[in-house]
Amino acid sequence: MIVTISTPPVTARADRGSTMQPGSQIPAWTFLTHHARVLLEIARNPEVRLREIAVEIGITERTVQTIVNDLHEAGYLTRQRVGRHNRYTLNTDQHLRYPTEADLPVRRLIDMFSERDLPTGPPPHQP
């Protein structure tokens, strides 16, 4: 038996069902939370400034600060003052928070996105 499902064409709307924010190329929702995105930015650069994270992710610096505090309080990172900025150290053995993923260390998430950031092609020639 073959079942054919017909769906109407999708158009971007300015309501909750829209997949894009009105007037932009930014999706209305994504699979990763801001907490995950902040954690990944810190994993990429442990000396990143909160302002840089905010610009990269597209949220306010204050929101980044709140998220970093959440991650610190939950044991995902520690902060060390270096001059006028912080250096972050991640606790990659800390487990994910949602019950269905609670058996997985956060390292798995970081590794998945770190692999994406690796250069492609042959390694540079070393004399």
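- A donor-acceptor pair under 3.5 Å links the side-chain atoms of Glu52 to the main chain of Arg49, judged by distance alone.
- The shortest side-chain heavy-atom distance between Tyr88 and His72 does not fall under the 4.5 Å cut-off.
- Summarising the geometry, atom CG belonging to Asp111 is positioned 8.0 Å from atom OG1 belonging to Thr92; distances are rounded to the nearest 0.5 Å.
- Within the 4.5 Å cutoff, the side chain of Val38 has no heavy atoms near those of the Leu50 side chain.
- For the atom pair CD1 of Ile67 and CD of Gln65, the computed distance is 11.0 Å after rounding to the nearest 0.5 Å.
- Between Val106 and Leu90, every side-chain heavy-atom pair lies at or beyond the 4.5 Å cut-off.
- Between the side chain of Arg51 and the backbone N or O of Ala54 there is no donor-acceptor pair closer than 3.5 Å.
- Among all heavy-atom pairs drawn from Arg37 and Leu32, the shortest one is NE-O, 3.7 Å.
- Residue Met112 holds its CE atom at 8.0 Å from CG of Leu40, rounded to the nearest 0.5 Å.
- Grouping the Ile, Leu, Val, Met, Phe, Trp and Tyr side chains by contacts below 4.5 angstrom, directly or via other members, places Ile53 apart from Val55.
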Legend entry - Asn69/Arg79 under side chain to side chain contact (heavy atoms under 4.5 Å, CB included): CA gap, chis, key distance, verdict: CA-CA 10 Å; Asn69 287 334; Arg79 296 176 272 219; 2.8 Å; yes

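- Put simply, CD on Glu41 and CD on Glu56 are 4.5 Å apart, with the number rounded to the nearest 0.5 Å.
- With contacts defined as side-chain heavy-atom distances shorter than 4.5 Å, the pair Ile42/Val68 qualifies.
- Of the candidates Thr89, Leu71, Asn86, Thr89 is the only one forming a side chain to side chain contact (heavy atoms under 4.5 Å, CB included) with Thr78.
- Note that CD1 of Ile110 is 10.0 Å distant from OH of Tyr76, once rounded to the nearest 0.5 Å.
- Side chain of Asn91 to backbone of Leu77: no donor-acceptor contact under 3.5 angstrom is found.
- Rounding to the nearest 0.5 angstrom, the gap separating the OG1 atom in Thr66 from the NE2 atom in His34 is 12.5 Å.
- For the pair His95 (side chain) and Ala102 (backbone), a donor-acceptor distance under 3.5 Å is present.
- In this structure, Asn45 contributes its side chain and Glu47 its backbone to a donor-acceptor pair below 3.5 Å.
- Thr60 and Thr63 form a side-chain donor-acceptor contact under 3.5 Å, judged by distance and modelled atom types alone.
- Environment of CZ in Arg108: sparse, with no more than 12 heavy atoms of neighbouring residues, nucleotides or ligands closer than 6.0 Å.
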